[in-house]
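Handing you this structure, nothing more for now.
Predicted model only: the values in this text are computed from it and were never measured.
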Amino acid sequence: MFEGDPSGAGGDIMARSRDIAETIPFFSQVASFERLWPVIEARVEEVFDNGKFSHGRQVAKLEGELAAYTGARFTVAVNSGTDALVLLLRACGLRPGDGVLVPAYSFVATATSVVLAGGRPQFVDIDPVTYAMEPGALGAAVTPASRFIMPAHLFSQMADMTGLTAVAARHGLTVLEDSAEGIGMRQNGVHAGLHGAGGVLSFFPSKTLGALGDAGAVLTDRPEVAETVSALRHHGRFGRTVDNFPGISTETGLPGMNSKMDDIQAAVLLAKLTCLDSDIRRRAELAEAYRERLRHIPGIVRLPEVVDRGPGSSCVFYVYLIEAERRDALVGHLARRGIGTEVYYPLPLHLQPCFAEWGYSRGDFPHAEAASARAVALPLYPDLTMEQVDQVCEAVHDFYAGRPV
Ligand SMILES: *Cc1c(COP(=O)(O)O)cnc(C)c1O
């Protein structure tokens, strides 16, 4: 099960408590969902009372709160992180055939969004510590067709935006960010997604701020980008698209999509936003507990290392990703102990069948390929207990100590 797959991690929300006593799912929010339910219920009731399930008030309210949280001048709520990327690329003026430099290791939507917007993905190798696009590799991958760079911030920390922005400036490239995983991450005081022309957020259920279904947003400081994304999410109609849509234009300025966020998802996200910061703190505690328990285990090749980017920079443990010897056997061993894991990302992007026509081959991006072969994510979510962290670490330890099952 991969992220973005509707049958994926988010499907576990309603996992029965009976199962949870016996197993440690890769992702679950049963306990926090129960705790938050009164707040969510009140918000969702407002949607029913108002009678507007689309174009309603909750979406506009959520946009305001996300702008306040991230510091973005504009936040445009949409139906997924993937559509947010496509609309952002289009609103920033991507023309057919334009090259967009993207990391060779990321969720597939980082690159498929480029194709969907009419561009051409140009892959770049990653930094093996941050798993994000590496500035030196970026410089070497630029061609005359390149017009944009779109690094992704993965798992727990941001790409080196200072280094990447400098290379982009040297080549006259526009900077966009796949900050789908980046809520709460900041560098030099600037939130993920706001280091260039714009970025995105994903609220897929297993993300740090998860909806009860699919949802996403575009973040930008540029009014023209925000205006175009707002139009494109609603069939390309410019004008007001919220509440009673007074004054909405019925003229279609651009061939748009229907990518609006549902009001019920906005209501859920408004409720969940109230505990985002405490969730992020809990995630950091759990990550620290993993680090203490795993650092001396020989078969583990790499634990997360957060690079210090100085004042105004912060990381968020969305995923606890380790690199391990005999990764697939470890995954099988943990599964037999009832412990869920997820392989991020099992195939580097340049080797995905959907990009075969661009002529990349194995060996082109060694760091991306090594990460794909060795990386596995352990359970990490606010509901997880320290006892469960102990159980996971004990199971990992037993595997490398030659105690299978
Ligand atoms: C989750 C994710 C996306 C896609 O977001 P959806 O809301 O699932 O469409 C894109 N890029 C990255 C890096 C992601 O992690």
Got Q265 and F203 here, is their nearest side-chain heavy-atom distance under 4.5 Å?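 Side chain of Q265 against side chain of F203, heavy atoms only: no contact under 4.5 Å found.
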Got V114 and R120 here, is their nearest side-chain heavy-atom distance under 4.5 Å?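 A side-chain contact under 4.5 Å is absent here.
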Any non-hydrogen side-chain atom of V115 less than 4.5 Å from a side-chain atom of P121?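 V115 reaches P121 side chain to side chain.
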For the atom pair CG (L62) and CZ (R43), what is the distance rounded to the nearest 0.5 Å?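 Rounded to the nearest 0.5 Å, the CG-CZ separation comes out at 9.5 Å.
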Short question: side chain of Q352, backbone of V108 - any donor-acceptor pair under 3.5 Å?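 No: the side chain of Q352 does not pair with the backbone of V108.
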Any donor-acceptor pair under 3.5 Å from E134 side chain to A137 backbone: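 Between the backbone of A137 and the side chain of E134 there is a qualifying donor-acceptor contact (under 3.5 Å).
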Assign the ring pair F107 / Y345 to parallel, tilted or perpendicular, where the plane angle (0 to 90°) is split at 30° and 60°.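 Rings of F107 and Y345: tilted, as their planes differ by 30° to 60°.
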Picking from V229, T82, V86, N79, what satisfies side-chain contact (heavy atoms from CB on, under 4.5 Å) with S259?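 Single side-chain contact (heavy atoms from CB on, under 4.5 Å) partner of S259 among V229, T82, V86, N79: N79.
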Ignoring hydrogens and angles, tell me if any N or O in the side chain of D263 forms a donor-acceptor pair with the backbone of Q58 under 3.5 Å.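 A pair under 3.5 Å: yes.
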Give the intermediate values and the outcome of side-chain contact (heavy atoms from CB on, under 4.5 Å) for residues Y381 and L384. CA-CA 6 Å; Y381 39 92; L384 200 71; 3.5 Å; yes
Check M158 against R309 and note the closest heavy-atom contact, atom names and distance.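 Nearest heavy atoms, M158 then R309: O-NH2, 3.8 Å.
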Are the side chain of T252 and the backbone of L254 linked by a donor-acceptor contact shorter than 3.5 Å?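 No; judged by distance alone, with no hydrogens or angles, the pair does not exist.
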Residue pair G71 / L194: nearest heavy atoms and the distance that separates them: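 That would be C-CD1, 4.0 Å.
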With a 4.5 Å limit on heavy-atom distance, are the side chains of P151 and M161 in contact?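 The answer is yes; the side chains approach within 4.5 Å.
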Under 3.5 Å, is there a donor-acceptor pair linking the side chains of D178 and T110?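 On atom types as modelled, these side chains qualify, holding a pair under 3.5 Å.
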Look up atom CG in L154 and atom CE in M185, then write down how far apart they are to the nearest 0.5 Å.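 The distance works out to 8.0 Å.
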Quick one: does any side-chain atom of D125 pair with a main-chain N or O of A368 as donor and acceptor, under 3.5 Å?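 Yes, D125 side chain to A368 backbone: donor-acceptor pair under 3.5 Å.
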Between the main-chain N or O of S179 and the side-chain N or O of E177, is there a donor-acceptor pair closer than 3.5 Å?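 Absent.
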Do side-chain atoms of Q157 reach the backbone of E305 as a donor and acceptor pair under 3.5 angstrom?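 It does hold such a pair.
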Would you call the rings of Y131 and Y105 parallel, tilted or perpendicular, where under 30° means parallel and over 60° means perpendicular?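 Tilted, since the angle between the ring planes falls between 30° and 60°.
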Do the side chain of R282 and the main chain of S278 share a donor and acceptor less than 3.5 angstrom apart?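 No; judged by distance alone, with no hydrogens or angles, the pair does not exist.
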What distance do D214 atom CG and D83 atom CG have between them, rounded to the nearest 0.5 Å?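 The CG atom of D83 is 9.5 Å from CG of D214, to the nearest 0.5 Å.
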Sidechain-backbone polar pair: D98 side chain, R95 backbone, donor-acceptor under 3.5 Å: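 Side chain of D98 to backbone of R95, a donor-acceptor pair under 3.5 Å: yes, one is there.
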H350 and F365: ring pair (Phe, Tyr, Trp, His ring centres under 6.0 Å), yes or no, with the steps? CA-CA 8 Å; H350 63 291; F365 304 107; 4.7 Å; yes
If you draw a 6.0 Å radius around CZ in R362, do more than 12 non-hydrogen atoms from other residues or ligands fall strictly inside?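 Open.
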R233 and E63 ion-paired at < 4.0 Å: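 Here R233 pairs with E63 in a salt bridge, since their nearest N and O are under 4.0 Å apart.
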From CA spacing to verdict: side-chain contact (heavy atoms from CB on, under 4.5 Å), S313, D308: CA-CA 8 Å; S313 303; D308 183 3; 5.8 Å; no
How long is the gap from OG on S54 to CG on N258, to the nearest 0.5 Å?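 One gets 7.0 Å once the value is rounded to the nearest 0.5 Å.
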I need the Q391 CD to M386 CE distance, nearest 0.5 Å.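 The CE atom of M386 is 13.5 Å from CD of Q391, to the nearest 0.5 Å.
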Keeping the roles fixed (side chain from R283, backbone from F317), state whether a donor-acceptor pair exists under 3.5 Å.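 Yes; judged by distance alone, with no hydrogens or angles, the pair exists.
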Candidate pair F74 and S230, rule side-chain contact (heavy atoms from CB on, under 4.5 Å), full reasoning: CA-CA 10 Å; F74 304 98; S230 301; over 6 Å; no
Student check: side-chain heavy atoms of L347 and S372 closer than 4.5 Å: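 L347 vs S372: side chains apart.
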List the steps and the verdict of salt bridge (Lys or Arg N to Asp or Glu O under 4.0 Å) for R337 and D398. CA-CA 11 Å; R337 295 257 182 121; D398 285 353; 2.9 Å; yes
Going by atom types only, do Q187 and H153 share a side-chain donor-acceptor pair under 3.5 Å?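 Short answer, no.
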So for atom CZ, which belongs to F48, do other residues, nucleotides or ligands contribute more than 12 heavy atoms lying within a distance under 6.0 Å?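 Result for CZ/F48: open.
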Close side-chain approach of R326 and Y400, heavy atoms under 4.5 Å: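 Yes, their side chains come closer than 4.5 Å.
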Which heavy-atom pair separates A77 from V59 by the least distance, and what is that distance?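 Heavy atoms of A77 and V59 come nearest at CB-CG1, 3.8 Å.
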Please assess V319 against S156 for the test side-chain contact (heavy atoms from CB on, under 4.5 Å), listing each intermediate value before the final yes or no. CA-CA 6 Å; V319 159; S156 57; over 6 Å; no
Quick one: list whatever passes ring-ring contact (aromatic ring centres under 6.0 Å, His included) with F148, sequence neighbours left out.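 If we apply the ring-ring contact (aromatic ring centres under 6.0 Å, His included) test to F148, skipping adjacent residues, there are no hits.
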Looking only at heavy atoms, which two atoms of S106 and A152 are closest? And how far apart?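 The answer is OG-CB, 3.6 Å.
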Provide the closest heavy-atom pair for V124 versus A141 in the form atom of the first, atom of the second, distance.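 Smallest heavy-atom distance, with atoms named: CG2-CB, 3.9 Å.
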Under a 3.5 Å threshold, yes or no: a donor from one side chain and an acceptor from the other, between E181 and T208?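 Distance-only check fails for E181 and T208.
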I'd like to know whether the aromatic ring centres of Y360 and F123 sit less than 6.0 Å apart in this structure.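 Ring centroids of Y360 and F123 are less than 6.0 Å from each other.
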Tell me, do I149 and V100 make a side-chain contact under 4.5 Å, heavy atoms counted?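 I149 vs V100: side chains apart.
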With a 4.5 Å limit on heavy-atom distance, are the side chains of K207 and I183 in contact?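 Side-chain contact under 4.5 Å: no.
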To check you understand the geometry: which heavy-atom pair defines the closest contact between L232 and A91, and what is its length?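 Heavy-atom minimum between the residues: CD1-N, 4.3 Å.
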Among L321, T130, L380, which residue meets the side-chain contact (heavy atoms from CB on, under 4.5 Å) test with F155?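 Checked L321, T130, L380 against F155; only one passes side-chain contact (heavy atoms from CB on, under 4.5 Å): L321.
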Can D221 and R73 be counted as an ion pair, charged N to O under 4.0 angstrom?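 Answer for the salt bridge query: no.
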Would you give the length of the straight line joining atom CG of L269 to atom OG1 of T274, rounded to the nearest 0.5 angstrom?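 Here the rounded value is 11.0 Å.
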